[in-house]
Amino acid sequence: MSAQCASNIHTTCAYCGVGCGITAEVVDVDTRQVKIKGQSDHPANFGRLCSKGTALAETLGAENRLLHPLVDGQQVSWESALDQVAQRFMAVIDEHGPDAVAFYLSGQLLTEDYYVANKLMKGFIGTANVDTNSRLCMSSSVVGHKRAFGTDTVPGNYEDLEQADLVILTGSNTAWCHPIVFQRIKAAKKLRPEMKVVVIDPRRTATCEIADLYLPVKPGTDAFLFNGLLSYLSRLGSIDYEYLERHTEGFGSAIKAANETAGDIVTVALKCGLKEAEVATLFDWFRRTEKSVSVYSQGINQSSSGSDKVNAIINCHLATGRIGKPGMGPFSLTGQPNAMGGREVGGLANQLAAHMDFEPEDIERVSRFWNAPNIAQKAGLKAVDLFEAVAEGRIKAVWIMGTNPAVSLPNANRVAQALSRCATVIVSDCIHHTDTAEYANILLPALGWGEKDGTVTNSERRISRQRALLPPMGEARPDWWALCEVGRRMGYKEGFNFQSSHEIFIEHAALSGFENSPDDRLRDFNIAALSDISPQQYDQLQPFQWPLYKQETTGTSRLFADGQYFTSNRKARLLPIIPSLPKGELSEEYPLSLNTGRIRDQWHTMTRTGLAPQLNQHIAEPFCEIHPDDAAAINVEQDSLIRISSSYGKMLARAQITDTQQPGQLFVPMHWTGQLSSAGRMGPLINPVTDPFSGQPESKHTPVKAEAFAANWHGFVFSRKPLEVEGIAYWVKIRGRQFYRYELAGDAAIENFSHWSRKLLLSGVPHEEWQEYSDPSAGKYRAAAFVDGKLTGCLFIAPDSQLPERSWLASMFDAENLTDKDRLSLLAGIPMNQAANTGKTVCACFGVGENTIRNTIQQQQLNSVEAIGKCLNAGTNCGSCIPELQALLDAQ
Ligand code: SF4
């Protein structure tokens, strides 16, 4: 590629499980400038992208990239690093056996990377200690699918969500977490207003924007609700007995359990904390609506009884025969871009490749296919247990790829401690400094999005290509390549001679069809039609939904239309579900239930979205949503700081007082890390209890207490370079376009702010100027540093959190020279140019702030979201900010 060129490349988004297609235009290879837009003919998104996908181009630079292999902090050659990995693994295996080593993978990996990792560990090293962060995301759905269908199958597709007359969104803030799916449902509802949408969630989220019915269910009681629905359907004669008879088994025990645990609406309402009328309406709508889809996500899965909740939902669809047909079915929305691909190659410790299990005939089959006599004979350790084994010293070497368990796992301080004591921690990542990388003995530079080449599978079983747009940065190499190199060094020469992702893909496709003929259809996952495609065909592979059997040219958009499942008798199974409440009793000491989740503009532990300035402006700090009564009880005000503690750990967050949160419940985001905040990690608080079948942690409920954080002072600082702010009780680092911003609060007094801030901001370069304003009696201090008239940093301190707007100060970093008037306004803390005082970003896609929207509504007398869009563009791309635009209109 030349330095200046323009080419359109079709690839797939790096983030959520919607799997949106992207058209990328490489504008300049040297400066890594890329233009991103939605791929108009990709069947997942038809041209739409959410704020995160839209901002992908901002994450392609060199900031915080891991560029070279490092061993014990020293840069080394790849050869040397790979030798070290192989030698350390072999030494541990020789002394302690294969179960003393482990891989921890990620739903961010491509299928080809995942395939090789599983082949190496399960097939050749001989242990199944390979798990993935998908365990934290949707492993309960995997269990639910396998128990009901005999395989891990998502039966339907996104079109079903548009064709349904009733869409039930349960445990899913679809508007923020799967924005393009939400936009598709919303658009369908606009076309067919008679379509009904129900949202079931303890929090009233942005998804309620399109809800005809909102059920603020008590945390963890979903299985009572769906058991109640099954019982209701049975009482009112709405069971499809013919379907049950021909295609299922287990209805008798399932309905008995449902009747006994949730046999009438009064009981259901009581158990779920709902009004009887709300429950009755949901049940009535479901009973009357043939075309019903039940969409669920982490609110169902992340639970100590997540698998049972999934089966309670599936039971209702099987009992009514509403599955495998247009507009009907249970639908699991996966979190990550390739959680499904990981499942397909056996990324979970209790699976083998190509949707096979640790059953003798599967083990034997895979062993034969791989020519791997040392194949693992039993399931390995699931994520939480795997890191507990690291903590206890049973696992002595772990290779972590593309994920950040020191942040994201429950009881995360214990995980960090385990890694700090583990003799060999290898981390493959495209990012250099992460909380997990801090503990690595060996760091291997992985390809970033935009450099990778392979495939991913989205929530509707659609396999799409991720294609390289740019050359690798530094010495970054594909994960599959590093795995093959290590495999060969460990003596497994034959199985790891792959020269390209294409070669891996065709082997993966061949395994899927191995002893799984189109006539027998023993396993659902089958893409054998692609087992002999050429590199060119792989390059040009168009998105398709599996299965794609040999000789077929189009994929399968919907499964189970024929009522044939993948159990031994081809019948689906209904399960008797005895609902249980979340583990962890509330107590006098820990009286509140802590819920966790994603926010609109960030992804996982922010290692990439945190680099995109436009994504950091909507919600800049870790926050805690709290009901007004609970806030009053602990004397917490809006935007003040709150300390949340569980019996495992503590965090600090900004209080957001809101009645969208139920009394007794708190919500915090999952994203902030130790790299970006002093105390914003939620992982350390989370109860490490798990679902007994899936091993998925109970991330939606931990007993906690909340108290006001008594800050001695509050402040913030802007700087063109990163600063050292360690030692301050509360700090959060926020990447802006021309600056880094730090929000600060101290619990101890600072003797001399002038001295302290000069040390922080001045760099001693020529022509540096310093201006300050101090009012010690009011506890106020402001300062600014300039070089050659250009603002290089500024700092504001106050006794409370009432500090100047940040957006206006941020705009000063765009100016080459500040006027005297600007300097005065800076030190006065008052914007002279109101147009620059845009306020907190509401629309991330177009960078439109709250003040701008308020002013425009007022000045132009706007009365609709569409009118705001026409004036400011806000809300016209991904649409995720529309609920906030509506709230601003309502407030006006
Ligand atoms: Fe990416 Fe957003 Fe599409 Fe998810 S919805 S795949 S984050 S663009």
Side-chain angles (χ1 to χ4, degrees), residues 10-24 34-60 106-108 110 134 137-138 157-158 161-162 169 172-187 205-207 295 297-298 331-341 448-450 452 455-467 469 543 597-612 614-615 618 669-671 843-846 875-882:
H10 291 322
T11 185
T12 316
C13 178
Y15 302 121
C16 84
V18 179
C20 294
I22 282 176
T23 302
V34 174
K35 281 188 191 160
I36 298 281
K37 62 180 186 196
Q39 185 185 332
S40 56
D41 59 352
H42 194 286
N45 57 317
F46 295 106
R48 303 177 182 98
L49 288 180
C50 79
S51 53
K52 295 183 283 287
T54 304
L56 266 165
E58 295 196 30
T59 66
L60 302 175
S106 162
Q108 311 287 297
L110 302 182
S134 297
C137 178
M138 33 40 65
N157 58 39
Y158 296 155
L161 312 185
E162 295 167 324
L169 299 162
S172 167
N173 182 7
T174 324
W176 279 19
C177 304
H178 298 92
I180 297 309
V181 160
F182 179 80
Q183 293 304 328
R184 288 184 64 163
I185 299 170
K186 187 175 162 180
T205 64
T207 303
V295 180
S297 191
Q298 272 75 330
F331 198 102
S332 150
L333 277 177
T334 51
Q336 300 189 75
N338 201 28
M340 292 279 277
W449 182 85
K452 290 184 179 200
T455 54
V456 291
T457 309
N458 75 358
S459 295
E460 56 167 0
R461 292 173 283 102
R462 190 178 298 283
I463 295 178
S464 297
R465 290 280 276 111
Q466 249 189 38
R467 295 182 172 91
L469 319 174
R598 292 176 175 170
I599 61 172
R600 193 188 79 184
D601 290 352
Q602 295 296 346
W603 177 255
H604 280 194
T605 61
M606 295 171 67
T607 51
R608 290 171 298 163
T609 47
L611 297 169
Q614 76 188 64
L615 297 180
H618 177 236
M670 61 177 276
H671 306 289
C843 171
C845 298
F846 295 103
T876 58
N877 183 37
C878 74
S880 301
C881 62
I882 285 175

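Both ligands and their constituent atoms are indexed starting at 1 by order of listing. Just so it is clear, the values below take in all heavy atoms, side chains as well, and ignore hydrogens, waters and symmetry mates.
Judged by distance alone, the side chain of S459 and the main-chain N or O of T334 form a donor-acceptor pair under 3.5 Å.
Heavy-atom contacts of Y15 reach the following atoms of ligand 1: 7 (S) (cutoff under 4.0 Å). Of all the atoms in ligand 1, the ones that sit under 4.0 Å from a non-hydrogen atom of K52 are 7 (S). Listed by atom number, the atoms of ligand 1 under 4.0 Å from G53 heavy atoms are 8 (S). Remark: ligand 1 atoms within the under-4.0 Å shell around heavy atoms of L49 are 8 (S). Near P179, with a cut-off below 4.0 Å to any heavy atom, the atoms of ligand 1 are 5 (S). Taking every heavy atom of G19 and a limit of under 4.0 angstrom, the matching atoms of ligand 1 come to 6 (S).
Scanning the protein for heavy atoms near atom 5 (S) of ligand 1, the closest one is I180 CG1, 3.4 Å. Here the protein heavy atom with the shortest distance to atom 4 (Fe) of ligand 1 is C16 SG, 2.2 Å. Nearest protein heavy-atom neighbour of atom 1 (Fe) of ligand 1: C13 SG, 2.3 Å. Scanning all protein heavy atoms for the shortest distance to atom 3 (Fe) of ligand 1 gives C20 SG, 2.3 Å. In this structure, atom 2 (Fe) of ligand 1 lies nearest to the protein heavy atom C50 SG, 2.3 Å.
Here the closest non-hydrogen pair linking T12 and I22 is C-CD1, 4.3 Å. Here the closest non-hydrogen pair linking G19 and N458 is CA-CB, 3.8 Å. N338 approaches T455 most closely through the heavy-atom pair ND2-O, 3.8 Å.
The residue from Q614, H604, H671, Q602 that alone fulfils the side-chain hydrogen bond (donor to acceptor under 3.5 Å, both in side chains) condition with T609 is Q602. When each of H42, Q39, H10 is paired with T23, the side-chain hydrogen bond (donor to acceptor under 3.5 Å, both in side chains) condition holds for H10 and for no other.
Ring-plane geometry between Y15 and W603 is classed as tilted, the angle between the planes lying from 30 to 60 degrees on a 0 to 90 degree scale.
Sparse packing is recorded around NZ of K37, with 12 or fewer heavy atoms of other residues, nucleotides or ligands lying under 6.0 Å away.
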